[in-house]
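It should be emphasised that the depicted structure is a prediction, and the values quoted were computed from it without experimental measurement.
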Amino acid sequence: MNSFRHLTTLTRPIKRSLAAGTIWSRANFTGQKIVPFVGGRFFSDEVKKSQEAVESKVTIFDAIINRSIPANIVYEDDLSLAFKDVNPQAPVHVLVIPKRRITMLEKAQAEDKELLGHLLLVVKKVAEQEKLQEGYRVVINNGVNGAQSVYHLHLHVLGGRQMQWPPG
């Protein structure tokens, strides 16, 4: 049990189950399969994907924008697109993306400020549309340590349940 002391966000029953070797999955935890990693820390499959991701010329989001693959689109305008995440981490999990690709927030330029502000206003519209009046969380993953698995800027809108703090 002492080896799991660093997992402070887990409840005691979950700690006991982990110590007993239970594997947690979508059905009985947060919606992400938990996989062990270096140093006894646990990370989700999304973290593993981010460690393997590379910046490419075409991303899955480009394919969604040009409709070559389907998505459950909940909002669209000339500058942005919002759609349901295929691997939701909350009862409501929508991704908001710019149609003009910015690979990551770190690479945004001063000329992107209107687009970045627009994306936040789209988040607000999506939250209203999804009836998240009790609150929601907006997340932008940036780079490997930020668990960015697709190199096309995207804002996660998460809601429909009580969010926990701290988040990581």
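- The structure places CG of Asn141 at 10.0 Å from CE of Met104, a figure rounded to the nearest 0.5 Å.
- Side-chain heavy atoms closer than 4.5 Å link hydrophobic residues (I, L, V, M, F, W, Y) into clusters, and following such links, possibly through other members, connects Leu81 to Val150.
- For Asp85 (side chain) and His93 (main-chain N/O), no donor-acceptor pair under 3.5 Å exists by modelled atom type.
- Arg100 has no carboxylate O lying under 4.0 Å from a charged side-chain N of Glu111, or vice versa, which leaves the two without a salt bridge.
- Formation of a donor-acceptor pair under 3.5 Å by the Arg101 side chain with backbone atoms of Lys99 is not found in this model.
- Side chain of Ser68 to main chain of Ala63: a donor-acceptor pair is present (N/O by atom type, distance under 3.5 Å, no hydrogens or angles).
- No side-chain heavy atom of Tyr75 sits under 4.5 Å from any side-chain heavy atom of Val96.
- When all heavy atoms of Ala90 and Gly159 are compared, the closest pair comes out as CB-O, 3.5 Å.
- Phe61 is linked by a ring-ring contact (aromatic ring centres under 6.0 Å, His included) to Phe83, His152, His154, counting only residues two or more places apart in sequence or in another chain.
- A distance of 12.0 Å separates CD1 of Ile73 from CG of Leu95, quoted to the nearest 0.5 Å.
- Following chains of ILVMFWY side-chain contacts shorter than 4.5 Å, one can reach Leu155 starting from Val122, so the two form part of one hydrophobic cluster.
- The other residues sharing a hydrophobic cluster with Leu158 are Val139, Met163, where clustering joins ILVMFWY side chains under 4.5 Å apart.
- Using a 4.5 Å heavy-atom cutoff, the side chains of Val138 and His156 are not in contact.
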Distance-only donor-acceptor hits, side chain of residues 113-121, under 3.5 Å, sequence neighbours excluded:
from, atom 1, to, atom 2, distance (Å)
His118, NE2, Asp77, OD1, 3.4
His118, NE2, Asp77, OD2, 2.7

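- Distance check: Ile97 CD1 to Ile102 CD1 gives 11.5 Å after rounding to the nearest 0.5 Å.
- The shortest heavy-atom contact between Ala127 and Tyr136 is CB-CE2, 3.3 Å.
- For Gln148 (side chain) and Thr103 (main-chain N/O), a donor-acceptor pair under 3.5 Å exists by modelled atom type.
- Not counting sequence neighbours, the partners of Val92 by the side chain to side chain contact (heavy atoms under 4.5 Å, CB included) test are Val94, Glu130, Leu132.
- For residues 131-153, there are no salt bridge (Lys or Arg N to Asp or Glu O under 4.0 Å) pairs, not counting sequence neighbours.
- The side chain to side chain contact (heavy atoms under 4.5 Å, CB included) check on Asp78 picks up nothing, with sequence neighbours excluded.
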